[in-house]
Every structure is written in C-alpha cells, then in structure tokens.
Amino acid sequence: MLKAAIFAGLVLCLTTDAAHLRHETRHKRESSECPKECLSNPLEISFVVDASASIWPGNFTLGLNFIEDFVNIFEISQTAVRVSLVTYGEVVYDQDDFGFADYSNNQDLMEAISNIPYRSGIMTNTSGGIWHMLNKQMPEAREGVRRVVIVLTDGNSQETALTKRAAKDALDSGLEVFAIGVGHDVSPQELHNIASDDRHVFVVSAYHMLESIKKRLSYEACNIPTQPVCEMDPVDLSFVIDSSASIGEGNFSVGMQFVKEFVDSFQLNPSAVRVSLVTFGEVVYTEDAFGFDTYTDKKDVLDTLAGIKWRHGKETNTGAGIKYMQVTQMAKARPIAAHICIVITDGESQETEQTKEQAKAAQDAGIVMYAIGVGKIGEKLNEEELINIAGDTSRVLTAENYAQLNLLKDSLTDITCQGILQSIESKASKFRE
Ligand SMILES: *[C@@H]1O[C@H](CO)[C@@H](O)[C@H](O)[C@H]1NC(C)=O
Ligand SMILES: *[C@@H]1O[C@H](CO)[C@@H](O)[C@H](O)[C@H]1NC(C)=O
Ligand SMILES: *[C@@H]1O[C@H](CO)[C@@H](O)[C@H](O)[C@H]1NC(C)=O
C-alpha cells in the first residue's frame, strides 16, 4: 500500500527538467505530470531570499534560476497561482520586492524574478525578511487560499532568536513554511526553527544542486504526498554484500542485479540519496568498495554495481564487512541524512559473536540495519544471526534463493522507507528545541 502510494506520487508529479533544455524553456512553461489542478488551484507562494555577501553573484543567479524554474511549473494568474518575493541582507531590500498582485502570467513573473538585483548584504537578517513577507505581503493574500512560504538561505542569521520569533509569527498565522539551506555553513537547527515540520526542511550542498530538490519541493507544495516520498529524502545508504564461495558467480550477479534495481528506484544525487558498498568473504574486499562521495552521478553508481566482482571468499566474515561499513564508510555520512545499511548474506558467519558485536555497534551509532538472508532458514541460514544484524525481526527478510530475491523488492522498499522516515524524524528532533 505504502509503496504503491509512493510510486503513484512519483508518477503523478514528475516534472520534465533536463538541464540542457533549461535555457530554451525558461520562458515557456515546463511540462509537468503533476495533476493539472495541483498546478492551477489557487495558491499563494511567497519567497524570502537571502541576498547576503557570502553567497556571491553567480550563486545568487543560480538561486533565482531555481525559483524561476520552480514557479514556472504552475499556472500563474490572478485567479490561480500567485507569487511574491522579497530579498534581504543586513536590511530588507523592499525596493526590489514584488507582491501577489504584481504579476498575472508566467512570462512577466519570470522576467521579474530574473531582474532581482544582488545586493551583497553584509548581514543575514532572516527575521527582517520573514516579517516583511508576513506584514507587508501576506495581507494581500486571497481569503481561504493556501499560503506557502519558501525561505532560501545560505547560512545562519546573526540573530537566531529573532529569526525564531519571526518564523513563529509566520507559523502561528497559519502559513506553511519551507526552509531551504544551501552550502555547508547552514545550521540545521535554524532551518528546523524556521520550517513548519521536518518534511519542510531541505538541505543542498551548493546552489547548482537546488535543481535536485525541485521535484520533492513541488510535491510538497502541491500537497500531493499524504504519503512519504522517501526516495528523495536525504539518505546515506550502505550495502554490505556477502561474496563468499558458496554463492557462485551466477547467483552473485543475480544478487547485484537486485541491488542495482533497488538503488535505481531512489533519486541518487549528492543532496538526496547517496550509496556506498562493500563486499566481504574471509576479509573485506576494499578494492571493490566505494564510498558515498565516490560517485555523484546515478549512472556511474549503477554501472559500478553491475561490475562488482564475485570474490569466492573462503569464509563468511560478516562482522568485518559491517565494521568496515560503519568505521570507514558511514564516518563520511551526512549528519542530517538517514543512515541505512542493508546486509545481504547467504549463510551464517564463522564468527557469530563478532558479527553480533559489530552489528550492535552500528545500531548504537544510529545506523538503521537491515538483513537479507538468501537460503533456507535452519539449513545454511541462522535466523538468530539475521535478527542480531538487523536488531529487530521487522528488518529481516529472507528469500529461498537468489532468483527469488526479486520477490522481496516491494517489502524492502516499504521497510527501508519506514526506517528512513524514522531516522530523519529522530535526527530532526535533536535539532529542535
Ligand atoms: C532587519 O531588517 C529590518 C528591516 O529592514 C530592520 O528594521 C532591522 O533593523 C534589521 N535587523 C537587524 C538585526 O539588523
Ligand atoms: C558560491 O560560489 C562560490 C564561487 O563562485 C563558491 O566558492 C561557494 O562555495 C558557493 N557557495 C554556495 C553556498 O554554493
Ligand atoms: C545458485 O543457487 C542455487 C541454490 O540456491 C544453486 O542450486 C545454484 O547452483 C546456484 N547457481 C550458481 C551459478 O552458483
């Protein structure tokens, strides 16, 4: 059910956004598979945009391009979707702002956004921007129409407490507030203070990566997802794969094909889902391992997965694989992302105690562990060990043989999605006061 809804959501709301087409289509509405009514239903969208000096002109333009592309999927008119915008630095640049009533078609709105000047403010007065939106622009909003605010910033405001107060005023007056943080200096704490809830917080590594959140943001803004869309959430996803002799080359490649198809269902990019992998036999095959930052391109990850070699390991040293994943790979995971690890094995490890210890250490470090056992329980597979690896029976799946792994795909999607959402929620709660 959950999964069906997720994919229905994906299909419903994909926007076609090939980067190379962006410039030609800038002044033409992009086609979108969002339901038409979602794009033309009355909606007020307010942008509050950081124009402080730390951003630099090139990045500011990338930010404006993103806003243009985003608003352009909607039908802009006085009866459908309307947009306001304000920029801020040490003060609010009210000379540059525009309100809901100012633009009545896509073309004029896009033009106006692209003409917003970069003022290179010497401070980040986020509260000023929010209060300006709330007190000067929102009063023009149509009665009974949904109001969405998008705050785009590259860093921390100097006045954290004031920012929090301004955001609280906005939330208290019934606005739905998204906080988008760009770059490494942004404080998750502040983003969570600004946003309505965790699903309204977005973090991207750089301005050129904003494109990567466009789909998820449009889902949320369209209010389509009553169901989570976790393939776009920030996730660092690790695979620990048994490469021991008993599996055989053919079965190993069937297993890797399964991993590849599963990974393919996520939105891989440095702002959303990142993947790492390690294989093991009697040792860890570090020469085949790759980390979260090894590849930035989805295609490179999928190609690499297809080429991972079966090492016919003499033993099944699952503990060593898990340890490598935690100590070497997860050490580079993003603090804000969900940390997920999927272990696939065809049998009991030689060192059951060590496996248990390493799995426990990974679970204690906040990694949500999953175990997939391939084989017959009681023959080669030890159910207790699978439970030890995962930490809970609800995160254990088994298939009788590699050919039947396919049957697990839906269940694996469901349970990893649950783990992702729980993990993000528990992290976010730490950032909230
Ligand atoms: C923020 O901007 C507003 C409006 O321009 C201004 O009145 C206020 O003094 C600024 N706040 C700070 C802390 O500089
Ligand atoms: C903005 O651009 C500069 C170079 O033009 C870059 O060094 C910096 O990291 C960028 N900042 C963000 C937040 O993307
Ligand atoms: C794959 O596994 C099955 C048993 O699960 C076994 O009969 C078969 O020989 C294996 N194939 C290869 C190529 O190792």
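Counting convention: from 1, in listed order, for ligands and their atoms alike.
- No hydrogens or angles considered: nothing links the side chains of T345 and T318 as a donor-acceptor pair under 3.5 Å.
- I415 has its side chain within reach of L397: a pair of non-hydrogen atoms, C-beta onward, lies under 4.5 Å apart.
- Close contacts of ligand 1 with E90, meaning ligand atoms under 4.0 Å from a residue heavy atom, involve 1 (C), 10 (C), 14 (O).
- Side-chain contact between E261 and N406: present, with at least one pair of heavy atoms (C-beta onward) separated by less than 4.5 Å.
- A donor-acceptor distance shorter than 3.5 angstrom exists from the side chain of S243 to the backbone of R311, with no hydrogens or angles considered.
- For ligand 1, the atoms sitting less than 4.0 Å from at least one non-hydrogen atom of V91 are 2 (O), 5 (O), numbered in the order shown with element in parentheses.
- When distances from atom 9 (O) of ligand 1 to the protein are checked, no heavy atom turns up under 4.0 Å.
- For atom 5 (O) of ligand 1, the closest heavy atom belonging to the protein is V92 N, 3.0 Å.
- For atom 13 (C) of ligand 1, the nearest protein heavy atom (residue, atom name, distance) is E159 CG, 3.9 Å.
- The option from N125, I130, L162 that lies nearest to atom 3 (C) of ligand 1, judged by heavy atoms, is N125.
- Of the possible polar contacts, one joining the E90 side chain to the I122 backbone as a donor-acceptor pair under 3.5 Å is found.
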